Number of protein chains: 2
Amino acid sequence: MVHDTNECARELLDVVPSVMRFIRTEMRRHRALGLSVPQFRTLVYIERTGGTSLVGVAEHLGLTPPSACKIVDGLQGRQLITRTQSPEDRRMVTLQITSGGKQALADARGETQKSLTSVLSALSQHELLAVTRSMEILRTAFTGERVHANS
Amino acid sequence: MVHDTNECARELLDVVPSVMRFIRTEMRRHRALGLSVPQFRTLVYIERTGGTSLVGVAEHLGLTPPSACKIVDGLQGRQLITRTQSPEDRRMVTLQITSGGKQALADARGETQKSLTSVLSALSQHELLAVTRSMEILRTAFTGERVHANS
DNA sequence: TATTGTTATACTCTATAACTATA
DNA sequence: TATAGTTATAGAGTATAACAATA
């Protein structure tokens, strides 16, 4: 039914920016070792791959290479990642997370998740499962990725 | 169960930014009469209230007054809203949408919704309903607002 | 020639601080 | 004194265009 697809799109357009704003605000609030949302996502990806390139980051995050370059600049400046020339193809850089980066990631993840968890505690068990399941549906639809089995 | 709340928070933190990036990219892509996401949300709010103040905008969007002021500057510069001094309290401004603003809103809404709809068309009827319902749950949880009966 | 990455430039969003005008 | 709004300033995120180095 076309109607339901449109309604769902309208809801996404209305609600997703609100949740996003909450996430940004929370991340900004705990910014002692704080990460912005793009920095956070970039770091997550670099950690997960264990050694990606700049183009890899750009493609994964849906950014242009210059944008990815600037975010990587910031992370490297704070020594959260290393950026080395690849031995095989000297045009490429290899990006890897440092122990400091892992720590910052754990902190940001923990603090922001705690704030989200507190909001979500108002939901019933049933609602919680519905939202969790919907996130999995949206992940598949918008990124083509399946859930990775970690944590 | 605490576990489910945490898992849900982790999913939100992972998936919401992806969907948000899609929305931003789409809005940017159709930017003939295009609006950024904050401009879009501001315009939606001004339309819905039919005459709000700058502080009203700031509070609704979770922005500081200077941030709201700049976004309003941009909308006014493109003649999508009017900004008049309130007769009752001359410190206040009254923000109202223009016919051009309504048009821009309809265009942005239509184009971006079309792109979202196209992605959502891959979902089953059941999944679609689950996502729609979850958006309503999240709207209530993150904004305290109930669905308004329009459109 | 094509690809990887970078630099230059510009615009939007966002904040804090300091200010004006009005109440 | 308190509130509504603005201006000044600064930093992050994003883009396009142009470039260098390597393949």
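Note on naming: letters A, B, ... go to the chains in the order of the sequence lines (proteins, then strands), and numbering restarts at 1 for each one. Values in this document were obtained by computation on a predicted structure and should not be read as measured data.
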Using distance alone, with no hydrogens and no angle criterion, decide if [X] and [Y] have a side-chain donor and acceptor under 3.5 Å apart.
{"X": "A:Arg91", "Y": "A:Ser86", "value": "no"}
{"X": "A:Gln76", "Y": "A:Arg83", "value": "yes"}
{"X": "A:Ser36", "Y": "A:Arg24", "value": "no"}
{"X": "A:Ser67", "Y": "A:Thr64", "value": "yes"}

Nearest-nucleotide 5' precedence on DNA chain D, B:Val93 against A:Val37:
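Nearer the 5' end of the strand: B:Val93.
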
Sugar-phosphate only, base, or nothing, as touched by [X] at under 4.0 Å among non-hydrogen atoms:
{"X": "B:Asp73", "answer": "nothing"}
{"X": "A:Arg41", "answer": "nothing"}
{"X": "A:Ser53", "answer": "sugar-phosphate"}

Could you go step by step and tell me if A:Arg139 and A:Glu136 meet the salt bridge (Lys or Arg N to Asp or Glu O under 4.0 Å) rule?
CA-CA 5 Å; A:Arg139 185 213 313 278; A:Glu136 286 163 14; 5.7 Å; no

Does [N] have its OP1 or OP2 closer than 4.0 Å to a side-chain nitrogen or oxygen of [X]?
{"X": "A:Arg21", "N": "C:dT14", "value": "yes"}
{"X": "A:Ser67", "N": "D:dG13", "value": "no"}
{"X": "A:Thr64", "N": "D:dA15", "value": "yes"}

Both B:Gly62 and A:Pro65 contact DNA chain C. Taking the nearest nucleotide for each, which residue is further toward the 5' end?
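Residue closer to the 5' terminus by nearest nucleotide: A:Pro65.
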
Find which nucleotide of DNA chain C each of B:Gln39 and A:Asp89 is nearest to by heavy atoms, and output the residue with the more 5' nucleotide.
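Mapping each residue to its closest nucleotide by heavy atoms, the 5'-most match is A:Asp89.
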
Distance in angstrom units between [X] [atom1] and [N] [atom2], rounded:
{"X": "A:Leu54", "N": "D:dT22", "atom1": "CG", "atom2": "C1'", "result": "16 Å"}
{"X": "A:Met27", "N": "D:dG13", "atom1": "CE", "atom2": "P", "result": "11 Å"}
{"X": "B:Lys70", "N": "D:dT9", "atom1": "NZ", "atom2": "P", "result": "12 Å"}
{"X": "A:Gln85", "N": "C:dT4", "atom1": "CD", "atom2": "P", "result": "15 Å"}
{"X": "A:Met92", "N": "C:dT6", "atom1": "CE", "atom2": "C1'", "result": "16 Å"}
{"X": "A:Leu95", "N": "C:dT6", "atom1": "CG", "atom2": "C1'", "result": "13 Å"}
{"X": "B:Arg28", "N": "C:dA10", "atom1": "CZ", "atom2": "C1'", "result": "14 Å"}
{"X": "A:Arg90", "N": "D:dA20", "atom1": "CZ", "atom2": "C1'", "result": "14 Å"}

Counting heavy atoms from C-beta on, name the nucleotide in D:dA8, C:dA2, D:dA4 closest to the side chain of B:Pro66.
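Ranking D:dA8, C:dA2, D:dA4 by closest atom to the B:Pro66 side chain puts D:dA8 first.
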
In terms of side-chain heavy atoms of B:Val55, which of D:dT6, D:dT14, D:dA4 is nearest?
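Looking only at heavy atoms from C-beta outward on B:Val55, the closest nucleotide is D:dA4.
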
